[in-house]
Amino acid sequence: MSNDTAPADAPVISNFVRDIVAGDLASGKHKTSVTRFPPEPNGYLHIGHAKSICLNFGLAEEFGGRCHLRFDDTNPLKEEQEYIDAIQRDVKWLGFDWGKNLFYASDYFPQLYAWAEHLIETGFAYVDDQSADEIRAARGTLTEPGKNSPFRDRSAAENLDLFRRMKAGEFPNGARVLRAKIDMSSGNINLRDPVIYRIIDAEHPRTGNQWCIYPNYDFAHGQSDAIEHITHSICTLEFSDHRPLYEWLLEHLPVPAKPRQYEFAKLVLTHTVMSKRFLITLVQGGHVAGWDDPRMPTLAGLRRRGIPPAAIREFCKRAGVARANSTTDVAMLDACVRENLNKTAPRYMAVLRPLKVVIENYPEGNGETLECVNNPEDPAAGSRQVPFSRELYIEQDDFMENPPKKFFRLSPGMEVRLRYAYFITCTSVIKDAAGNVTELRCTYDPATRGGNAPDGRKVKATIHWVSAPHAQEAEVRLYDAFYTRPDPGANGDAIKDINPKSLEVIKHAKIEPALAARNAEGTVQFERLGYFCRDPDPGLVFNRTIGLRDTYAKAQ
RNA sequence: UGGGGGAUCGUCUAACGGUAGGACCGCGGACUCUGACUCCGCUAGUCUAGGUUCGAAUCCUAGUCCCCCAGCCA
């Protein structure tokens with residue numbers, strides 16, 4: 001696992017699934033743990049999947065077992081190669097390695113087909129000629145039992161013949177299905193003769209046009225687990241009702257192993273909509289720039305926003321695993337991101353909304369170079385030389401002509417420190433015709449070079465700056481909450497809850513030369529502003545990953 | 001009014017008959033060449049009602065509330 005800042009002394013946080021695996025290993029029930037992460041390639045992975053990935057792969061790492069990446073590709077109508085590729089890229093990026101254990105449910109189509117015939121031969125499956133509507137009508141309701149299909153008692157020979165002809169493509173989509181013969185009066189609707197094979201005459205991303213009948217989830221998942229000798233098949237709560245069917249199939253088929261299914265509560269995050277269906281809507285409806293839009297909860301989006309994979313792993317660890325439905329506050333994710341980045345991100349200076357400052361008593365010319373620490377949290381990161389000159393840019397927010405009492409930054413007559421540079425004092429303010437402040441005139445104290453006054457004099461604030469003649473211009477994209485409420489969609493369509501100001505683009509930010517020249521990957525800190533990373537778009541474009549905590553702004 | 005799950009600080013999560021703990025958020029304070037970081041402190045919880053017990057979040061009984069299931073999706 002790739003690791004940036006995994007604290008070596010991190011306490012092991014257990015959970016009920018981990019306890020079960022540990023127990024099975026300790027009791028000798030299993031000699032090794034084998035788990036799997038089984039995505040359907042019908043969309044991009046999101047942070048909810050990360051929880052499952054971390055759980056499954058984490059178990060393999062901790063117990064020396066293995067975790068398979070298996071694509072649950074049984075529905076060619078929704079699945080695409082693009083998603084298969086993206087999912088592999090994202091799992092790797094998150095920091096996990098399936099090694100040689102890359103599988104596809106579609107690899108097992110021949111075996112699953114053979115098992116379907118076995119079920120028919122043993123009298124536990126039949127071909128139903130009813131339409132989807134008829135099947136639904138006969139299924140009963142939550143409180144009433146279903147009715148047996150008129151085709152339920154066909155002979156094994158007839159069923160076999162029909163099923164083979166389904167496979168041969170003799171019937172149109174939906175004309176017939178194969179159903180397991182279980183119990184139409186079961187309280188568990190999944191046991192009311194569930195459909196297990198259907199006719200879908202569509203091209204499959206992996207098997208092409210080889211098949212026109214496909215097993216569904218229930219008939220593929222447990223058997224795939226058995227084929228791969230999965231010991232602990234971990235899925236989310238909504239599949240609890242499928243467990244009896246999962247077990248029924250394993251009991252009625254000559255499978256090579258008996259995996260067990262365990263369910264946990266999926267991740268739900270405040271200020272987020274996780275459903276793939278909705279994410280597809282956002283992408284296709286043009287509400288975001290794509291699956292990797294930095295406002296998306298997809299792993300691709302989080303990556304583009306600059307969130308380190310280690311922070312996501314840590315977050316999943318802290319969020320925990322339980323059986324109770326829960327909604328985790330995104331603030332917990334934010335905390336993990338800030339904690340990680342504070343320790344790892346190199347510091348640079350950048351001014352988002354520039355205000356020109358001229359230091360009147362500083363000599364004209366090219367100026368000088370000052371040493372700046374790259375990361376106060378990491379001495380090994382060293383330092384760099386940053387150009388300083390008579391004309392600078394500071395942040396507009398760092399100046400107020402008529403400051404309130406608690407404003408410590410620059411104002412007329414007030415002395416502040418330019419980070420790693422000099423103390424300056426504002427002597428006059430220049431405005432345009434409209435009265436807007438356009439430039440500041442200041443003086444500096446040459447004795448404070450580097451940022452300290454020999455006489456021990458203190459200043460209340462340190463502000464960041466960029467030398468005007470050396471500054472490079474960059475575009476900076478400031479991302480804010482994507483939704484205006486913590487529970488988007490709670491009052492109807494989540495599209496209506498999208499924050500119209502979730503993206504603010506700053507076209508002419510001023511950045512120090514070293515930042516412009518930086519070609520390394522990774523997220524950096526713009527001192528006093530937040531964490532940012534280079535966007536893949538051409539040019540000098542930065543995305544804000546997350547701002548620094550700002551207790552001053554909060555107090556306003 | 002069927003079947004399956006679940007209820008612990010605002011949020012997430014521990015405690016497995018023996019002091020309800022941690023994290024996030026929030027609020028104070030200290031420190032500070034990032035109003036950051038760090039450190040210290042504070043606030044705050046066992047769904048309800050009975051019962052068993054020396055002792056109950058935990059066991060029992062009866063309720064209440066919440067989630068999932070009626071795709072030829074996964």
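Below, read A as the first sequence line, B as the second, and so on, with proteins coming before strands; counting in each chain starts at 1. Computed from a predicted model, the values in this text were never measured in an experiment.
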Tell me whether A:Arg260 is salt-bridged to A:Asp24, with the criterion being a basic N under 4.0 Å from an acidic carboxylate O.
no
For the C1' atoms, the ones on B:C24 and on B:G45, what distance do you get once it is rounded to whole angstrom?
15 Å
Under a 4.0 Å heavy-atom cutoff, the residues of residues 173-181 of chain A touching RNA chain B are A:Gly174, A:Val177
Describe the nucleic acid contact of A:Thr141 in one word from base, sugar-phosphate, nothing, applying a heavy-atom distance below 4.0 Å.
base
Classify A:Arg409 by what it touches in the nucleic acid, base, sugar-phosphate, or nothing, heavy-atom distance under 4.0 Å.
base
Testing B:G35, B:A74, B:A36 for proximity to the side chain of A:Leu548, the answer is B:A36
How does RNA chain B read in dot-bracket, base by base from 5' to 3', with Watson-Crick or G-U pairs under 3.5 Å and | used when the partner is on another strand?
.((((((..((((....[..)))).(((((.......)))))....(((((..]....))))))))))).....
Residue A:Met332, side-chain atoms from C-beta onward, closest of B:G2, B:C24, B:A74:
B:C24
Select base, sugar-phosphate, or nothing to describe what A:Glu527 touches, counting heavy atoms under 4.0 Å on all strands.
base
Pairwise P distance, B:G17 and B:C73 [rounded to whole Å]
46 Å
Counting the benzene-type ring for Trp, do A:Phe124 and A:Trp248 have ring centres under 6.0 Å apart?
yes
With respect to the phosphate group of B:C73, does any side-chain polar atom (N or O) of A:Thr74 fall under 4.0 Å of OP1 or OP2?
no
Distances under 3.5 Å between protein N/O atoms and the N/O atoms of nucleotides 3-6 of chain B, please, pair by pair.
from	atom 1	to	atom 2	distance (Å)
B:G3	O4'	A:Gly187	O	3.4
B:G3	N2	A:Asp241	OD1	3.3
B:G3	N2	A:Asp241	OD2	2.6
B:G5	O3'	A:Arg323	NE	3.3
B:G6	OP1	A:Arg323	NE	3.4

Give A:Tyr197 one of three labels, base, sugar-phosphate or nothing, depending on what nucleic acid heavy atoms sit under 4.0 Å from its own.
nothing
Between A:Asp550 and A:Ser14, whichever has its closest RNA chain B nucleotide further toward 5' is A:Ser14
Find out whether A:Asp90 and A:Tyr44 are in side-chain contact, i.e. whether some heavy atom of one side chain is under 4.5 Å from a heavy atom of the other.
yes
Quick one: label A:His242 by what it contacts on the DNA or RNA (base, sugar-phosphate, nothing), any heavy atom closer than 4.0 Å.
base
Distance, rounded to the nearest Å, where A:Arg192 contributes CZ and B:A70 contributes P
11 Å
Nearest to the A:Arg139 side chain among B:C25, B:G71, B:C12, which nucleotide is it?
B:G71
Within the 4.0 Å heavy-atom criterion, would you say A:Pro376 contacts the bases, only the backbone, or no part of the nucleic acid?
base
Could you tell me how far B:C67 sits from B:U11 if I compare only their P atoms? Round to whole Å.
16 Å
What is the nucleic acid contact for A:Lys276, judged by heavy atoms within less than 4.0 Å: base, sugar-phosphate only, or nothing?
nothing
Please report the distance, rounded to the nearest Å, between CG in A:Leu142 and C1' in B:C67.
14 Å
Taking the side chain of A:Asp329 as its heavy atoms from C-beta onward, which of B:G2, B:A36, B:U11 lies nearest to it?
B:U11
If the cut-off is 4.0 Å, is A:Lys554 near the phosphate of B:G26, judged by side-chain N/O to OP1 or OP2?
yes
A:Phe239: which of A:Tyr246, A:Phe264, A:Tyr217, A:Tyr262 passes ring pair (Phe, Tyr, Trp, His ring centres under 6.0 Å)
A:Tyr217
So what does A:Thr270 hit on the nucleic acid, given a heavy-atom distance under 4.0 Å: a base, only sugar-phosphate, or nothing?
nothing
Suppose you measure atom P in B:A14 against the same atom in B:U1; what distance do you get, rounded to whole Å?
31 Å
In terms of side-chain heavy atoms of A:Ser326, which of B:C73, B:U13, B:C25 is nearest?
B:U13
How far does the C1' atom of B:C31 sit from the matching atom of B:C40, given to the nearest Å?
11 Å
Base, sugar-phosphate alone, or nothing: which one does A:Arg136 contact when heavy atoms must sit under 4.0 Å apart?
sugar-phosphate
Determine whether a donor-acceptor pair (one donor, one acceptor, N or O, separation below 3.5 Å) exists between the side chain of A:Arg347 and the base of B:U34.
yes
Of the listed B:C68, B:U1, B:C37, the closest approach to the A:Glu238 side chain comes from B:C68
Measuring from the side chain of A:Asn15 (C-beta onward, heavy atoms only), which nucleotide among B:A74, B:A14, B:C16 has the closest atom?
B:A14
Taking 5.5 Å and 30° as the limits, would you call A:Tyr217 and the base of B:A74 a stacked pair?
no
Indicate yes or no: does A:Glu512 engage A:Arg384 in a salt bridge with an N to O separation below 4.0 Å.
yes
Remember a base hit wins even if backbone is also touched, and classify A:Glu395 as base, sugar-phosphate or nothing at under 4.0 Å, heavy atoms.
nothing
Which heavy atom of A:Thr74 sits nearest to which heavy atom of A:Pro215, and what is that distance?
CB-O, 3.3 Å
Is the glycosidic angle of B:G51 within 90° of 0, making it syn, or outside that range, making it anti?
anti
Using the C1' atom on both, measure B:U13 against B:A20 and round to a whole Å.
13 Å
Same-atom distance (P) from B:G5 to B:C42, integer angstrom
42 Å
Rounded distance in Å - CZ (A:Phe16) to C1' (B:U58)
18 Å
Let me know, please, whether A:Gln525 or A:Leu333 comes out on the 5' side of the other along RNA chain B by nearest nucleotide.
A:Leu333
In the structure I gave you, are the side-chain heavy atoms of A:Leu55 and A:Phe37 within less than 4.5 Å of one another anywhere?
no
Taking any heavy-atom pair under 4.0 Å as a contact, classify A:Arg417: base, sugar-phosphate, or nothing.
base
Is the phosphate of B:C37 approached by A:Arg528 (side-chain N or O, under 4.0 Å from OP1 or OP2)?
no
Anything under 30° is parallel, anything over 60° is perpendicular, the rest tilted; go ahead and classify A:Tyr113 against A:Tyr197.
perpendicular
Is the A:Phe532 ring parallel, tilted or perpendicular to the A:Phe526 ring (thresholds 30°, 60°)?
parallel
When you compare the side chain of A:Phe423 with that of A:Arg457, does any pair of heavy atoms fall below 4.5 Å?
yes
Using a heavy-atom cut-off of 4.0 Å across all strands, would you classify A:Val373 as base, sugar-phosphate, or nothing?
nothing
Can you tell which of A:Tyr83, A:Tyr104, A:Phe103 makes a ring pair (Phe, Tyr, Trp, His ring centres under 6.0 Å) with A:Phe71?
A:Tyr104
Given the P atoms of B:A57 and B:U8, what is the spacing between them in whole Å?
15 Å
